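Below, read A as the first sequence line, B as the second, and so on, with proteins coming before strands; counting in each chain starts at 1. Since this is a predicted model, take the numbers as computed values, not measurements.
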Amino acid sequence: MRRGADLALVAVLLAAAAAALVFGGPAATPGEALAVLSGGGSPEVRTIVLGLRLPRLGLALVVGASLALAGAALQALLSNPLADPFLLGISGGGAAAATAAYVLLPAAALGGVPAAAMAGAAAATGLVWWMARGPLGPSPTRMILAGVAVNAAASAAILTMLALAPSPRLPGVIAVTMGSLASASAGQVAWLAPYVLVPAFVLLLHGRDLGLLATGEESAAALGVEVATVRRRVFMAAAALCGGAVAFAGVIGFVGLVTPHLCRLVWGGSTRRLLPRAALAGAALTVLGDLLARRALSPAELPVGVVTALLGVPFFVALLRRSA
Amino acid sequence: MTTLLRASALSGGYGDDEVVREVDLAVAEGECVAVLGPNGAGKSTLLRLLAGILPASSGRVELRGKALQAWRRREVAREVGFVPQIVNFAFPVTVTEVVQQGRAPHLGPWRPPSPHDHAAVDAALARVGLSERSTTAVQRLSGGERQLVLLARALASEPRLLLLDEPTAALDVRHQLELAGVLRQLVAEGVGAVLVAHDWNFALRIAHRVVVLHHGRVRAAGPPPEVLRSELFREVFRVEVDILWRDDGPPTVLPKTIAKT
């Protein structure tokens, strides 16, 4: 049954990716897009499909996989089903710095927004780390409290800047705070894809340890887990994934929270089994969410974070009721 | 009998708070040592020190003749099965999935469980009588059954030594007798055990030797006939007891009243 579910997951991912290329928007019809994918098509349509939709698909895949993987790892690390990649304040730091960049930078320098977001995410990571550090690595309770505090400070900063921002810059700020893949470029994907490999590898490497940590530090240590080392590595890896995602796509909510729970329903409670599947499922969900964001009110485009939240909330409510 | 674990002048605690002080304790193959004492005497802390989960502030623990700090954590986990008092299950997991965690010290990060790993898990489940419930979610089990799952998880790693932290705390009488039977059988097969307990009568069913802790120090130690004295209960536990000696089984401790100080 699990093998079948694995195959179904891969099929959904491929279908979502194909749909994103073929049905991506009104600028090219599905027929024209299919012609491009089979090697033909006019130069204009080729630019739309390969130059715009393909990088956007790539970014959605990498960001979705990052968020779901980080979410699944943090839920285990903190033994907390409500944990998600944004809980630790890293997204808040990234979004606040990106907002500051949108508001303050001259128009010609707006390409520097992702760099600013990364710097903000790194600063927030350092701050949370410093607040939470302890003899057994960062303490789960203090990680959560520190993350909540940093996020609160970040949203206060964002709202202040929003109130003072010149109106032409508002769409950029909304893209950061609500999540958007609209400004994806091949260069971004080429940068982000290799960047996520190391943290993703670290999390997958510690899948089994994370499963043990989810049952408590005493248990985990007794079963051979170097608790302090694993906590440090997983915290840093999850922070790196979250920072990368926020830098290029803003704060896309609910993917990191809901995807791991969805996967647990299908593949059971083993964290080692869960992590890679959550990554693939997160990629598929983000691609589908972004497709909906583009097509639901076409030609207008919704922030992808709005769509993932709209899809995620009812699902999450159902999940909560089910477990009650 | 080969000594599995030996603590010498072992002290430790949390920060400046030294909870365990200069404790000597040894447990050999096929031997069960019960650690008893009033609340706050340092029993659970001693167990954590023995498992190496908590670093000692001074003194020494040797596992099979080698200092505990010189072992890698995973190697210790293969030798020593630790049964904690409480485990938090934040996510739905089945009984088998929990018991499989006991194989973690034998597996690398990538290797899936081998047939031997599965056999060890099945054997551990059978031993505690939970084979029938292997696919049940742990969250649906009673407190007593959960305790047995934790014992099975420790047994799945095929340890030479078991460290048990009040395993009877959540068990009804039948489960207590069942657990006592399982532990006696394991000890008869050569496994060593350190049993932290509140329940004297449970401990006396299994233990070859008894260590009584008071304010973190060993107040009395030895085989039950040497240790069981009503004066000890008066001084350490502040209760008056009757001790019933029997020819056909372990002695029974009957608490009567709170001792006058």
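Heavy atoms closer than 4.5 Å to chain A are found in the backbone of B/V80, but not in its side chain. When heavy atoms are compared at a cutoff of 4.5 Å, B/Q101 approaches chain A by way of both its backbone and its side chain. Both the backbone and the side chain of A/L204 come within less than 4.5 Å of a heavy atom of chain B. With a 4.5 Å cut-off on non-hydrogen atoms, B/L107 touches chain A through its backbone and its side chain both. Only the backbone of A/V225 comes within less than 4.5 Å of a heavy atom of chain B; no side-chain atom from C-beta onward does.
Nearest heavy-atom pair, B/A124 versus B/A152, reported as atom, atom and distance to 0.1 Å: CB-O, 3.3 Å. Counting all heavy atoms, side chain and backbone alike, B/A77 lies closest to B/S157 at O-OG, 3.8 Å. Taking both residues in full, the closest heavy atoms of A/A193 and A/V196 are given as O-CG2, 3.2 Å, listed atom of the first, atom of the second, then distance. Here the closest non-hydrogen pair linking B/L150 and B/P84 is CD1-O, 3.8 Å. Listed here is the closest heavy atom pair of A/P260 and A/G71: CG-C, 4.1 Å.
Atoms CG and CG, on A/L203 and A/L275 in that order, are 7.0 Å from each other to the nearest 0.5 Å.
Between A/F201 and B/W110, the ring center distance clears the sub-6.0 Å criterion.
Crowding of B/R184 atom CZ: a count of heavy atoms from other residues, nucleotides or ligands under 6.0 Å exceeding 12.
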> Could you walk me through whether A/R233 and A/D209 pass the salt bridge (charged side-chain N to carboxylate O under 4.0 Å, His left out) check?
Replying inline: CA-CA 11 Å; A/R233 287 184 186 165; A/D209 296 334; over 6 Å; no

>> Walk me through whether B/E145 and B/R140 qualify under salt bridge (charged side-chain N to carboxylate O under 4.0 Å, His left out).
In response: CA-CA 10 Å; B/E145 286 170 321; B/R140 303 182 72 100; over 6 Å; no

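Within residues 33-66 of chain B, the residues having any heavy atom under 4.5 Å from a heavy atom of chain A are, by residue number, B/R48, B/I53.
Interface remark: of the candidates A/Q75, A/R273, A/E226, A/E218, A/E218 forms the most heavy-atom pairs closer than 4.5 Å to chain B. Counting heavy-atom pairs under 4.5 Å between each of A/A222, A/G268, A/S270 and chain B puts A/A222 at the top. Your options are A/V227, A/L136, A/N80, A/L223, and the one with the most heavy-atom pairs under 4.5 Å with chain B is A/L223.
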